[in-house]
Amino acid sequence: MSYTGPDFDPPRQRRTRRAPLTVAFAALVPGALLGWLVYEAAGGGAGRTASPAPAPRSATVSGTTPAASLGDDAKASGSPSARPGGTGPLQGKVVVVDPGHNPGNFRHTAEINRQVDIGTNRKECDTTGTSTEDGYTEARFTLDVAHRLRTLLEEQGATVRLTRDGDSPAWGPCVDERARIGNTARADAAISIHADGSAEGDRGFHVILPGSVHAGAADTRAIVGPSHDLGVRVAGTFLRETGEPPSNYVGDGTGFVTRTDLGGLNLSTVPKVFIECGNMRDSKDAALLTSGAWRQRAAQGISEGIVSFLRGS
């Protein structure tokens with residue numbers, strides 16, 4: 001998504017307070033992965049056996065990748081109903097995956113411009129999203145990564161529900177409905193997948209965390225802590241698997257932004273984060289985002305973060 005538009009006000013830069021341990025690592029480890037390592041060192045992974053994080057992969061498309069991951073899109077069909085997982089370590093866990101935007105939004109501008117309540121105020125139902133210079137849309141990217149992520153999580157035994165799939169619904173869902181789907185499913189974790197639409201030269205990923213909101217229909221106080229835990233784990237594994245650096249234009253290089261203007265987070269009652277996987281308007285990031293092999297690595301990174309969160313919770 002772009003930081004322009006009705007539901008995406010420019011975020012305030014966030015400076016993370018660093019303990020002495022963080023300072024010792026600061027010159028050595030990128031900000032997002034640093035947060036993950038400090039979290040582990042502080043006991044955030046209590047009850048799990050922590051292992052050193054491998055060095056991040058280079059953010060290039062190379063090497064041997066399974067043939068199934070190389071397709072232009074991980075095709076899937078059907079409605080966005082829940083698909084039960086099989087046996088595995090995540091059996092009994094529910095994950096809601098929210099592919100941002102919808103290709104049909106371009107044809108349903110009246111519907112997506114309808115105002116909905118996001119707790120703090122009212123904003124448009126949804127937006128069209130961004131695209132690369134060559135026309136590869138954010139909506140297409142997010143659904144492809146969501147399909148790949150669903151497959152990986154189901155292999156771990158999780159029950160996965162997408163907020164949209166195939167051509168259903170024809171537009172949206174609205175941001176309040178996207179949150180409601182996760183709430184109704186009583187998801188153990190929810191993630192909204194996006195790609196940004198900033199300027200050329202703005203590169204990198206960032207994870208958006210919910211801020212503390214208690215207004216109207218919104219009350220995020222109970223989910224701020226677990227959502228932060230989820231976001232830190234996803235950022236660390238995404239960096240490791242993709243080699244994509246933390247954003248150089250928001251978050252002060254940490255890879256994290258906290259926001260209180262997003263209906264999908266404000267209205268959530270389950271642990272939830274957004275991830276902006278890269279900047280579609282930057283030529284270097286666009287080359288990655290349009291690669292099926294890289295999108296498979298992105299899905300792998302997101303999956304490993306979610307699995308770590310669910311097994312540690």
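Just so it is clear, the structure is predicted and the values come from calculations on it, not from any experiment. We use all heavy atoms of the structure for the numbers below, so side chains are in, but hydrogens, waters and symmetry mates are not.
Trp171 shares a hydrophobic cluster with Ile112; the chain of contacts runs through ILVMFWY side chains whose heavy atoms sit under 4.5 Å apart. Side-chain heavy-atom separations under 4.5 angstrom define the hydrophobic clusters, and Val270 shares its cluster with no other residue.
When the options Thr163, Ile193, Leu149 are evaluated for a side-chain contact (heavy atoms from CB on, under 4.5 Å) with Pro99, the one that passes is Thr163. Just one residue in the list Asn279, Asp282, Asp196 forms a side chain to side chain donor-acceptor pair (under 3.5 Å) with Tyr249, and that residue is Asp196. The side-chain contact (heavy atoms from CB on, under 4.5 Å) test with Leu90 singles out one residue from Arg311, Glu155, Glu154, and that residue is Arg311.
Ring geometry for His194 versus Phe274: interplanar angle under 30°, hence parallel rather than tilted (30 to 60°).
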**Q.** Chi angles and distances behind the side chain to side chain donor-acceptor pair (under 3.5 Å) call for Gln296, Gln300
**A.** CA-CA 6 Å; Gln296 185 67 24; Gln300 184 70 41; 5.0 Å; no

Q: Check step by step if side chain to side chain donor-acceptor pair (under 3.5 Å) holds for Asn183 and Thr269.
A: CA-CA 6 Å; Asn183 299 344; Thr269 59; 3.0 Å; yes

(Q) Apply side chain to side chain donor-acceptor pair (under 3.5 Å) to residues Thr142 and Arg164 and explain how you reach the verdict. (A) CA-CA 10 Å; Thr142 62; Arg164 67 176 180 89; 3.1 Å; yes

(Q) Applying salt bridge (charged side-chain N to carboxylate O under 4.0 Å, His left out) to Asp117 and Lys123, what does each step give before you reach the verdict? (A) CA-CA 7 Å; Asp117 184 2; Lys123 288 191 174 180; over 6 Å; no

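Taking the side-chain hydrogen bond (donor to acceptor under 3.5 Å, both in side chains) definition, one finds that Glu133 meets it with Arg281, sequence neighbours left out.
Contact detail for Thr254 and Pro246: the closest heavy-atom pair is C-CB, 4.2 Å. Here the closest heavy-atom approach between residue Ala187 and residue Pro271 is recorded as O-CD, 4.3 Å.
At distances below 3.5 Å, at least one donor-acceptor pair connects side-chain atoms of Glu138 with backbone N or O atoms of Thr130. In this structure, Asp144 contributes its side chain and Arg140 its backbone to no donor-acceptor pair below 3.5 Å. Here the side chain of Ser291 pairs a donor or acceptor atom with the backbone of Trp294 at under 3.5 angstrom. Looking at Thr237, its side chain does come within 3.5 Å of a backbone N or O of Gly305 through a donor-acceptor pair.
Counting only residues at least two apart or in different chains, salt bridge (Lys or Arg N to Asp or Glu O under 4.0 Å) contacts with residues 208-225 comprise Asp219-Arg221. Applying the disulfide (SG to SG under 2.5 Å) rule to pairs touching residues 156-237 yields Cys125-Cys174, sequence neighbours excluded. Sorted by first and then second residue, the pairs that involve residues 173-185 and meet salt bridge (Lys or Arg N to Asp or Glu O under 4.0 Å), not counting sequence neighbours, are Asp98-Arg178, Asp126-Arg178, Asp176-Arg180, Glu177-Arg180.
In this structure, His101 NE2 and Leu143 CG are separated by 13.0 Å, a value rounded to the nearest 0.5 Å. Rounding to the nearest 0.5 Å places CD1 of Ile302 at 5.5 Å from CZ of Phe238.
Using a 4.0 Å cut-off between charged nitrogen and carboxylate oxygen, Asp229 and Arg233 count as a salt-bridge pair.
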